[in-house]
Amino acid sequence: QAQLEESGGRLVQTGDSLRLSCAASGRTFRTLPMAWFRQAPGKEREFVAAISWSSMTYYANSVKGRFTISKDSARNTLYLQMNILKPEDTGVYYCGVAALGATMPPTAYAMDYWGKGTLVTVSA
């Protein structure tokens, strides 16, 4: 079973950019769908972005044009480039791996396993 670890979250200002990373250990996820979710204080975990085995990408409407999901399969690493950050982007960001063949974009229930999350705080 693979293990995931997110990194890169920190306190930033409105309009800043930030890149999150998700490093995998154990079994490879090269051909599996992967996604980023986030959870704001007092809110449900929500979909942010996903990338399929064929590198098709999907984004929540709230982040389209600002965030970019990508992967380096050879290094078993997933990335989320976040630009023009807003206070409403604040939350704990989680990366996860879905089962092969899962529909896109996935729901939280479709994810097989998660990392522990990394906190992103955007100050106004």
Side-chain angles (χ1 to χ4, degrees):
Q1 185 175 3
Q3 296 182 18
L4 306 175
E5 184 172 1
E6 303 92 339
S7 63
R10 63 181 177 89
L11 173 64
V12 297
Q13 303 292 326
T14 296
D16 283 354
S17 295
L18 196 60
R19 188 179 76 164
L20 305 183
S21 298
C22 175
S25 61
R27 67 181 300 176
T28 180
F29 58 68
R30 284 175 293 173
T31 63
L32 300 178
M34 301 189 71
W36 289 95
F37 285 72
R38 68 188 180 190
Q39 189 164 14
K43 302 292 183 64
E44 298 294 320
R45 189 170 299 189
E46 67 173 352
F47 169 76
V48 175
I51 185 165
S52 73
W53 67 270
S54 60
S55 296
M56 292 294 295
T57 57
Y58 306 82
Y59 298 94
N61 288 335
S62 60
V63 306
K64 285 182 179 178
R66 298 189 297 120
F67 290 11
T68 302
I69 187 172
S70 62
K71 61 181 178 180
D72 185 340
S73 296
R75 300 175 67 177
N76 267 9
T77 304
L78 181 73
Y79 302 99
L80 184 67
Q81 178 64 47
M82 311 164 70
N83 297 325
I84 319 176
L85 284 163
K86 305 174 180 179
E88 50 263 46
D89 294 318
T90 293
V92 177
Y93 283 69
Y94 301 90
C95 69
V97 178
L100 182 63
T103 58
M104 288 291 182
T107 65
Y109 299 103
M111 309 303 290
D112 279 345
Y113 50 92
W114 304 92
K116 294 182 178 180
T118 185
L119 177 63
V120 174
T121 303
V122 185
S123 174

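In this view, Trp114 and Phe37 satisfy the ring pair (Phe, Tyr, Trp, His ring centres under 6.0 Å) rule, not counting sequence neighbours.
Hydrophobic clustering of Ile, Leu, Val, Met, Phe, Trp and Tyr side chains at less than 4.5 Å, counting indirect connections, unites Tyr94 with Leu119. With hydrophobic clusters built from ILVMFWY side chains whose heavy atoms lie under 4.5 angstrom apart, Tyr93 shares a cluster with Leu18. Following chains of ILVMFWY side-chain contacts shorter than 4.5 Å, one cannot reach Val92 starting from Leu4, and the two form parts of different hydrophobic clusters. When hydrophobic clusters are built by joining Ile, Leu, Val, Met, Phe, Trp and Tyr residues whose side-chain heavy atoms come closer than 4.5 Å, directly or via intermediates, Leu78 is not grouped with Met56. Hydrophobic clustering places Tyr113 together with Val48 (ILVMFWY residues linked when any side-chain heavy atoms are closer than 4.5 Å, directly or through intermediates).
Of the possible polar contacts, one joining the Tyr59 side chain to the Ile69 backbone as a donor-acceptor pair under 3.5 Å is found. Within the 3.5 Å criterion, the main-chain N or O of Cys95 finds a donor-acceptor partner in the side chain of Glu6. Between the side chain of Glu5 and the backbone N or O of Gly115, no donor-acceptor pair lies under 3.5 Å. Checked by atom type and distance alone, the side chain of Thr14 pairs as donor or acceptor with a backbone atom of Ser123 at under 3.5 Å. Formation of a donor-acceptor pair under 3.5 Å by the Thr90 side chain with backbone atoms of Val122 is found in this model.
The two residues Trp36 and Tyr79 make their nearest non-hydrogen contact at NE1-O, 3.3 Å. Here the closest non-hydrogen pair linking Pro87 and Ala124 is CG-CB, 3.9 Å. Across all non-hydrogen atoms, the minimal contact from Arg66 to Leu85 is NH1-CA, 4.0 Å. Counting all heavy atoms, side chain and backbone alike, Leu80 lies closest to Ala49 at CD1-CB, 4.2 Å. Of all heavy-atom pairs between Ser17 and Arg10, the closest is O-NH2, 4.3 Å. Closest heavy-atom contact between Met104 and Ile51: CE-O, 3.8 Å.
Heavy-atom neighbours of Glu88 CD from other residues, nucleotides or ligands within 6.0 Å: above the threshold of 12.
Side-chain contact between Met82 and Val12 is absent, with no heavy atoms from C-beta onward closer than 4.5 Å.
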